[in-house]
Number of protein chains: 6
Amino acid sequence: MSRRRPVRLGEMTTLEAAEAVRASPLVIIPAGAFEQHGPGMPMATDTIRAEHVAELVALELAGSAVIGPSVPVGVSPHHLAFAGTVTLTTTTLAAVVREYADSLHRHGWRKILVITGHGGNNATLTTVAQDLLTTHPDLQFAWTPLTSLAADVVAGMRVSEVHGHSGEAETAQMLHLASHLVHTERLAPGTTHLGELGPVSRLSLQGGHPALTMRYDRLSPNGVLGDPRNATPEDGRAVVETAVARIVAFTRTWLDA
Amino acid sequence: MSRRRPVRLGEMTTLEAAEAVRASPLVIIPAGAFEQHGPGMPMATDTIRAEHVAELVALELAGSAVIGPSVPVGVSPHHLAFAGTVTLTTTTLAAVVREYADSLHRHGWRKILVITGHGGNNATLTTVAQDLLTTHPDLQFAWTPLTSLAADVVAGMRVSEVHGHSGEAETAQMLHLASHLVHTERLAPGTTHLGELGPVSRLSLQGGHPALTMRYDRLSPNGVLGDPRNATPEDGRAVVETAVARIVAFTRTWLDA
Amino acid sequence: MSRRRPVRLGEMTTLEAAEAVRASPLVIIPAGAFEQHGPGMPMATDTIRAEHVAELVALELAGSAVIGPSVPVGVSPHHLAFAGTVTLTTTTLAAVVREYADSLHRHGWRKILVITGHGGNNATLTTVAQDLLTTHPDLQFAWTPLTSLAADVVAGMRVSEVHGHSGEAETAQMLHLASHLVHTERLAPGTTHLGELGPVSRLSLQGGHPALTMRYDRLSPNGVLGDPRNATPEDGRAVVETAVARIVAFTRTWLDA
Amino acid sequence: MSRRRPVRLGEMTTLEAAEAVRASPLVIIPAGAFEQHGPGMPMATDTIRAEHVAELVALELAGSAVIGPSVPVGVSPHHLAFAGTVTLTTTTLAAVVREYADSLHRHGWRKILVITGHGGNNATLTTVAQDLLTTHPDLQFAWTPLTSLAADVVAGMRVSEVHGHSGEAETAQMLHLASHLVHTERLAPGTTHLGELGPVSRLSLQGGHPALTMRYDRLSPNGVLGDPRNATPEDGRAVVETAVARIVAFTRTWLDA
Amino acid sequence: MSRRRPVRLGEMTTLEAAEAVRASPLVIIPAGAFEQHGPGMPMATDTIRAEHVAELVALELAGSAVIGPSVPVGVSPHHLAFAGTVTLTTTTLAAVVREYADSLHRHGWRKILVITGHGGNNATLTTVAQDLLTTHPDLQFAWTPLTSLAADVVAGMRVSEVHGHSGEAETAQMLHLASHLVHTERLAPGTTHLGELGPVSRLSLQGGHPALTMRYDRLSPNGVLGDPRNATPEDGRAVVETAVARIVAFTRTWLDA
Amino acid sequence: MSRRRPVRLGEMTTLEAAEAVRASPLVIIPAGAFEQHGPGMPMATDTIRAEHVAELVALELAGSAVIGPSVPVGVSPHHLAFAGTVTLTTTTLAAVVREYADSLHRHGWRKILVITGHGGNNATLTTVAQDLLTTHPDLQFAWTPLTSLAADVVAGMRVSEVHGHSGEAETAQMLHLASHLVHTERLAPGTTHLGELGPVSRLSLQGGHPALTMRYDRLSPNGVLGDPRNATPEDGRAVVETAVARIVAFTRTWLDA
C-alpha cells in the first residue's frame, strides 16, 4: 500500500518524521482554548478553528510544513465563571509551548509557527518568543491569531457595535468549518452595544490602551459579544480564506529566505 | 434541531456543561503521548487509544461521565532519539493535569479519572494525585493505564519474549481502533528476545525492581519491543474491551459510593 | 514645616501612604527597560519616559492617584547583543509586577495602572493581568504603552518608512523630557527602509501578524529603527501630551465608575 | 591508626571519597519517610529500613558501592492527619534527589541507586529518572522499593486480607532491624478486611488500576493496614534478606556490564 | 558637545557601555527597599542611600567602576503592616539580581558589587552569591550593607539602647544625603529600650543568635527603632564617608588583584 | 514495657507525637551539610554536630522541645571541587525547610528552631524566616548557627590567624562529640595565615563586608582553614557546652513568653 505522507506529524511514523525534518522546514502548532462560547458553540471552538486553519495552511504549502501537536487548552481565566471552561495559567501554557519547541528543535527544526484560535494565548506566546531568543538563539518562532488577520473582512460583515468572543465572526467561521457543532437554534445575542455596559466594562471592551482585563461575566450575561445570529457560513469562509492566504504568504517569504 | 447531549465536554456548550456538572459527576481526561511508535505506527498512537477508550467508557456509563480536554503530549524523553517525538518534562505535565483538575473543581466536579495510553505518564499522574490530597482535599482523583489493565488478555496473545512499546498488544489495539493509521506493510519486529540486548538494557527491560529507566534507542534499533506483525484486530478488540469493562466496573462502584 | 503630599509613594512616609490608600484609589507603576537605545540615547530611556509620563498623569489627576515603585529593568533579550542591555526573563518580570500588585492590594488598593515605556514588557503585563483574575479577583489591573497611544501624532511627524526603537518618536520624547541625556551630535539613522533588510528581518518588522520576534542586531546595525536626527522636542511634547491626555481620560472614567 | 574505608560517604573524608569515585562506581541513596506508623512504630520507620538495607547491600558488594546521603523525609501527604507526619511535595522531593544526583555526577559517579523504604516516593523517583535522561544523559539512575521486592516472602507470611502500611511485613522488618523502636505492647490491628471499609476506600486499597489515592485516615482509624501483632523478627529477616539479595543480584549485573 | 562618560550605566549609550566593559571592570548595583520608615522618612529611604553611596564609591574609583540598574524594591514582609510597604519574596529578589548579573556577565563583566541600603536583602544576596558559584563560576559577586560598615561610627553617636530601622543612624544619613525628604518635625522616637518590649520581641531585637525574625508592628508601634530626633547631618556624613571609604578600599584591592 | 517518651520525633509513634504537640511547644530541626572537611574529618561533620547539639538542648529543656527531622544536606557549592560534597541549591533547601515547617504547623506547632551546623545554610534559613512571615503569620521561626555562638570560647583557644572550616574549633567539637570519625593522624593544617593567599582570596576570608563568596579550592589547597592539629576534645566540649547553654537560655525565654 502506498500513501502520501500525511501533513500531521501526529499521523506520521518516525520514518516520515525523519524525512519531514529534512523536507519540511516549518512546524505549525495549532493552539486553542477550552472555554465557554455562549449558548450555541462548543468549548473546543478555538481549537477546532486553529486546527482547521493549520491544515489548510499546511496543504497550501504543499510539503514544506507539517503540523505538530495541538495545544487544546489555553489561557481562559476570564471565562471561568461559565461552566465547562478549563484554563491553564500563563506560566504553564508557556512551559508547554516552550517544551514543544525544544523537542522539535532537538530533531532539527528551526522554524515554528503557532496558530492560535484564542486571543487569550497571544501574550503568553509572545513571552515564549522572547525567552526563546536567549535559550534557543537559532530557532525562529512566530505566532499568529486568526480572526484579527482578517479584520478588514470582518469589518465588511454585518457586525454589532460590540462584537468579538462568540460573536458574528467566530460563529461564521464555525458555521463554515464545523457547523455540526453549532446549535444555530440557540445562538443568541450577547452584549451588542457599549451602552449596555457599566463604565468599567466599557473601558475593558473599548480596545486600545490602557488595557483592562476583566472577567467575561462582567462583560456579557451569556458570555457572548455581538450577535451570532447574523453569522453566515459564507462570511466564515471569507474570514478563513483570508487568514489562510495571509499566513501562507508570510510563510512562503519566510521559507524562501 | 434536538440533539442528544454529547459525551465530550469539548463539544458541549456552556449550557450543557452546566447541566453536566449536576448530572455527570465524573470527568474523564484522556492522556496520551506524541512519540515514535516504530516504522508502522503514528506519533499519536497513545492519544488515539486513550481517547477511544475514554469514549467507550463514557458511553457505557450512559450519562454519568463526560470527557474533558485531552493531554496530547506526555512524558517521552526516552524516545527523543527518534524523529518526531515531542515531550513534556514531568513538571510541566503535572502542572497541566493539576490545572485541568483545578478548573473542573471550580465548576463543581469532585471526581476525575485520567485514562493514559502512555505508561511514561504514570508516575507524573501519581505525583499529581499525591499533591492534590493537600491542595484539593475534597477532590477524588484516579488514573489508569490501558494495556496493563488487560495483562491477562495480552498474556494469552501470541507475544514475543520481549514485548511492549509498539509491540503486539499496542499494535493490535490500533488495528482495532484506527487501522487507517497503521502501515501494516512496514510493521517490523524490534527487540524480541532479551538475548539481543546487552546486560544493562536487559536490566532495564526485565520489569520489576530495581527499575532502571533507559533511552529507547538503547533498547531497540527501530524503537519497537516485540513483533507487531503478529498483532490482529481481534486481539486488539479483546484488549480494549477488557480494559473498558474494568474501568467501567471500577467507575460504577466509585459513582455509587 | 508644612508640605503638600508628594505624588510618589516612594517619597511618602507611612502616614501619608495610609492617607493615600483612602484618598487616592489608583496606584500607577512606571515600567521601563535597561537596554541600548542606539549611539545617542541612554539605557534608561524607557524608564525615564515612563516615570515622566506617570508623574504628569498623576499630577493631572490631582490627588486621586499616587505613583508606586518603578520597574527599572524589563524584558529586553532582543537587545542583548548591544553592550549595556540588562534583561529580565518574562517569568521574573511577571513575578515582580505581581508582587508589587499583591503588596498594594494588602494595603487596600484595588486599582493599579502600569505605564510601560518599553513595548517588550507588554506581553508579560498582559499575562500578569490574566493570572490576577484568578488570584486577586477584586483587583482591577490595567496597563498601557506610551508611544502607540499617540500613533496618530507620530504618523503626522516626519518619520521614516521604518521607524520605532530609538527612532523619531522615541528620540523626540527624550528631547522633550530629558534632553540632557541625548547625545544629539551622535544621533544617527538606523534601518529606515524595509529594502535595507533581508526578507526574514522584513517579516519581523512589518508589524501585524504572524509575529516573528527577532534580535535587534538582525534588524539594525546600530540598534536604531528610523532616523532620530529628524526628532524635535516639539514633536516629543505632542506625543507626550497626547499620551498623558488619553491615559488621564481613561483613568477618570475608571475612577468615576 | 589504620582503618577500613567506611561504606558510608558521610563517614568518609574527601580523600576516601576521591578514592571511592574511582573504586566504587555505584552510589546508593537511602530514601525514607517521616510519617505515622500506627501506635507501635516510629515516624522514621521507612528511613531506618532503607538505611539498614542500603548498608547490607553495600557490605555485600564489598567495595564497589558507597552509601550517599539519606533522604529522611519523603512524600507523605496521605498521612498528614496523623500527628507527627512531615511531608515534602513531590516537586521538592524531586529537586532534592535530582540535586544529590547532580552533585555525585560532578564528582564522576555515573550509577546511582535509590533504595526507598516508602512507597509514597516511588512515583517521584520515576519522574526524576525520566527527567535525568535529558539533563544527564550519561547518568544511569535506578531505584527500588523494599517490601515489594520480597512480595513472595510476604505472601508466605501470616498476613491479613488487607495488609500494608505498618502491617505485618513492615513491622516484621522493624522487629528484625530496630526492635528497640517498636512498642510491641501497643501493636494493634488496623484495617484487616476490605469489608470494614466503605466502597471508595475499598477501591483505593484493592491495588491495580484505576488507582485512587486517598488519605490514610479514610482507610484506617489507627493508620495501620493489617495486623502487626502477627509480625515476627524471623519473617522480618526473611523479607530483608530476600530484598538485599535481589538488589545485590541486580547491582552485580549492572556493575559488570 | 563633548562630555565626560557618565558613571551610571543607565545614562550611558551602548557605545559608552561597550567602552565601559573594557575600561571599568566593576559594576555596582544599588539595592534598596520600598518600605515604611516611620512618621518622618520616606518609603524609598534605603534605595536613596544605596544609590548615593554607589555614586560616591564609583566617583572615588575614578572610572574603574560603573553603576548598573537599581533594585528599588527589596524583601520587606516584616513591614507590610505599615501602609505603603511593597515587598518582593526572597525568590523573586534572587531572580532579579541573578538576571542582572547574568546580563552583565554576557557583556563581559566579571566583577559585580551589590550595595544594599536594606538589611532585609542581605540573606537573599548571599543565596545569589552561592548559586552563582555553580552557574557562573568565572563571575565574582560581592555585596555589602551600608550602616553596619560604619558600626564603630554609629557606636560613637548618641544612640538609644535600642536603635536600628529608621533610627538615629539611618535618619542621620538621610539628613546628610536627602534632607528634603525628611520630615524633621515629625521625627519621633520608636522603641528605644528593650524594657518597652515583651520577651519574644526582645529576643528578636537582641541581635546575635538564635535569630528570630518578627514583624515590625510587634517591635515598635510607629515602626521606628531608636530616637531619630537625635540624628544630625554631621553624624550622617560620618557614617556615609566611612562606609564609602571602606567599600572603596575593598574594591581597590579587588580590582588590583 | 514502659518507656520514657523519646526526644526525637522520628523515634516517636503518632500517639507520642500527638501528646508532644500539646506538651512540647518547640520543634528543633538539626540542619547540616554533606561536604568535605579536609583530610581528617567526614562529610557529615556538620550534620553530626547539629544533631548532637539539638539532642543536648532538647534534653536540657526536659520535655518542652522535641527534635524533628534532620536536613542532612545543605548549601555547599563552594566545596564541590572536593570529592564527596553533595549540595542543594538555595531554592531547594528553602523548600525543604519550608515544607518541614508547614507540616509541623499543620499539627499545631507554632515554634520552630533550626540549629545549623553549617554556615552555608544561614542565608537560606533567613530567607525562609522572611517568607514565612507572610505565608504563616502565626508561626515563630528561629534559627541558630553553632560555633559562632561560642565565638568568645573559640577566641580563647589556640587558633591560627586564619581559622574556620574544618579548623581548630570544628575539629575540637568533633573530637568531643564523635571522635571515632576523626582521623587524627591525618589532620593537617590548611590555610593558616592570610599571607598564604592571593589578594582576592584574602578579601573573601577577611570577614565583614563587602562579602565575597568564593570556592574553597581557591581558599585552601586541602579544604581546611586553620590548623586542626591544635584541636582538643576539651576545647570542643567548651564550645559545645557554651552553644548549648546559650540556645537553652534563648529558648527558655521564648517558651516562657
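By convention in this document, chain letters (A, B, ...) are assigned in the order of the sequence lines, proteins followed by strands, and residues within each chain are numbered from 1. The analysis underlying the following values was restricted to heavy atoms, covering all of them including side chains, and did not include hydrogens, waters or symmetry mates.
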Do chain F and chain E have donor-acceptor pairs under 3.5 Å, and which are they?
residue : atom : partner : partner atom : Å
T90(F)  : N    : D131(E) : OD1          : 3.3
T90(F)  : OG1  : D131(E) : OD2          : 2.6
G120(F) : O    : Q130(E) : NE2          : 2.9
Q130(F) : NE2  : G120(E) : O            : 2.9
D131(F) : OD1  : T90(E)  : N            : 3.3
D131(F) : OD2  : T90(E)  : OG1          : 2.6
W143(F) : N    : A211(E) : O            : 3.0
W143(F) : O    : A211(E) : N            : 2.7
A211(F) : N    : W143(E) : O            : 2.7
A211(F) : O    : W143(E) : N            : 3.0

ask   = Side chain, backbone, both or neither: which part of L113(E) has an atom under 4.5 Å from a heavy atom of chain F?
value = side chain

ask   = Of all of A211(E), P77(E), A94(E), which one pairs up most often with chain F through heavy atoms under 4.5 Å apart?
value = A211(E)

note = Assert top hit (heavy-atom pairs under 4.5 Å, partner chain E, pool A129(F), G120(F), P145(F)) equals P145(F)

inquiry  = Using every non-hydrogen atom in the two residues, find where A257(E) and V200(F) come nearest and quote the distance to one decimal.
reply    = CB-CG2, 3.1 Å

key: Any pair counted as salt bridge (charged side-chain N to carboxylate O under 4.0 Å, His left out), so long as it reaches residues 73-94 of chain F, sequence neighbours left out   = none

query = Which bit of L203(E) is near chain F, if near means a heavy-atom gap under 4.5 Å: side chain, backbone, both or neither?
reply = both

inquiry  = At a 4.5 Å cut-off on heavy atoms, which part of F141(E) comes close to chain F: side chain, backbone, both, or neither?
reply    = backbone

